[in-house]
Amino acid sequence: QVQLEESGGGSVQSGGSLRLSCAASGYTYSPNSMGWFRQAPGKEREGVACIDKSGTTTYADSVKSRFTISQDNAKTIRNLQMNNLKPEDTATYYCAADPFDFCSGSWLSATDGRYHEYWGQGTQVTVSS
């Protein structure tokens, strides 16, 4: 059973930075695509960024030029570097992964939990003004 473990959430002031990590374990073949979604209280879940083993990345318009997703050489840990954070970035961030799918705008738009095979427990990011 594949498990995703997130780390790196916390509280920062506006303009600050945080780095989230998502590590996959319990797999025979590591997931091809992995990404981040977020959900703020009272709002719908939204896709933030994704990456696949080929290195293809996709970002939500709201985080382009501020967030960078990357992966380690083994492609089992995906990181989300978040710079110039804004109060509107405050949310619970969830890591998701799929064994075979590729990162794309469609992947990132599929925010329903049923569309992705694996999900992490979530990590809180709070940005104060």
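These numbers were taken from a predicted model, which means no experiment stands behind them.
A side-chain donor-acceptor contact under 3.5 Å links E6 to the backbone of Q121. Of the possible polar contacts, none joining the T56 side chain to the C103 backbone as a donor-acceptor pair under 3.5 Å is found. Under a 3.5 Å cut-off, the side chain of Y29 and the backbone N or O of F100 do not form any donor-acceptor pair. With hydrogens and angles ignored, the 3.5 Å screen pairs no side-chain donor or acceptor of T111 with any backbone N or O of E46.
Taking CG from N79 and CD from Q71, the interatomic distance works out to 9.5 Å, rounded to the nearest 0.5 Å. The CG atom of L80 sits 12.5 Å away from the CE atom of M34 when rounded to the nearest 0.5 Å. To the nearest 0.5 angstrom, L4 atom CG is 10.5 Å from Y27 atom OH. Taken from SG in C50 to CZ in R78, the straight-line distance is 10.0 Å, to the nearest 0.5 Å. Taken from CG in D52 to OG in S104, the straight-line distance is 8.5 Å, to the nearest 0.5 Å. Going from atom CD1 of I77 over to atom CG of D72 covers 4.5 Å, rounded to the nearest 0.5 Å.
In this structure the side chain of V48 never reaches within 4.5 angstrom of the side chain of M82, judged on heavy atoms. Residues C95 and Y118 are not in side-chain contact: their nearest non-hydrogen atoms beyond the backbone lie 4.5 Å or more apart. When side chains are defined from C-beta on, D98 counts as touching E117, because their heavy atoms get closer than 4.5 Å. Between H116 and P31, every side-chain heavy-atom pair lies at or beyond the 4.5 Å cut-off.
When hydrophobic clusters are built by joining Ile, Leu, Val, Met, Phe, Trp and Tyr residues whose side-chain heavy atoms come closer than 4.5 Å, directly or via intermediates, Y94 is not grouped with V63. Using a 4.5 Å cut-off between side-chain heavy atoms of Ile, Leu, Val, Met, Phe, Trp and Tyr, with links allowed through other members, L108 and I51 fall into different hydrophobic clusters.
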Anything under 3.5 Å between a donor and an acceptor, one on a side chain of residues 13-20, the other on a protein residue two or more places apart or in another chain? List them.
{"from": "S17", "atom 1": "OG", "to": "N83", "atom 2": "OD1", "distance (Å)": "3.0"}
{"from": "R19", "atom 1": "NH1", "to": "Q81", "atom 2": "OE1", "distance (Å)": "3.4"}

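Contact between W119 and G113 at its shortest, heavy atoms only, is NE1-O, 3.0 Å. Taking every heavy atom of both residues into account, A91 and A40 meet most closely at CB-N, 3.8 Å.
Summarising the local packing, CD of E5 is surrounded by 12 or fewer heavy atoms from other residues, nucleotides or ligands at distances under 6.0 Å.
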Going through the distances and angles, do F37 and W107 end up as a ring pair (Phe, Tyr, Trp, His ring centres under 6.0 Å)?
CA-CA 11 Å; F37 294 81; W107 195 96; 5.6 Å; yes
Kindly determine whether D89 and K86 satisfy salt bridge (Lys or Arg N to Asp or Glu O under 4.0 Å), including the steps that lead there.
CA-CA 5 Å; D89 295 317; K86 303 176 180 180; over 6 Å; no
Take W36 and I69, measure what side-chain contact (heavy atoms from CB on, under 4.5 Å) needs, and give me the verdict at the end.
CA-CA 9 Å; W36 293 91; I69 191 168; 3.9 Å; yes
Evaluate the criterion side-chain contact (heavy atoms from CB on, under 4.5 Å) for residue pair T90 and R38; output intermediate values, then yes/no.
CA-CA 9 Å; T90 295; R38 67 185 182 186; over 6 Å; no
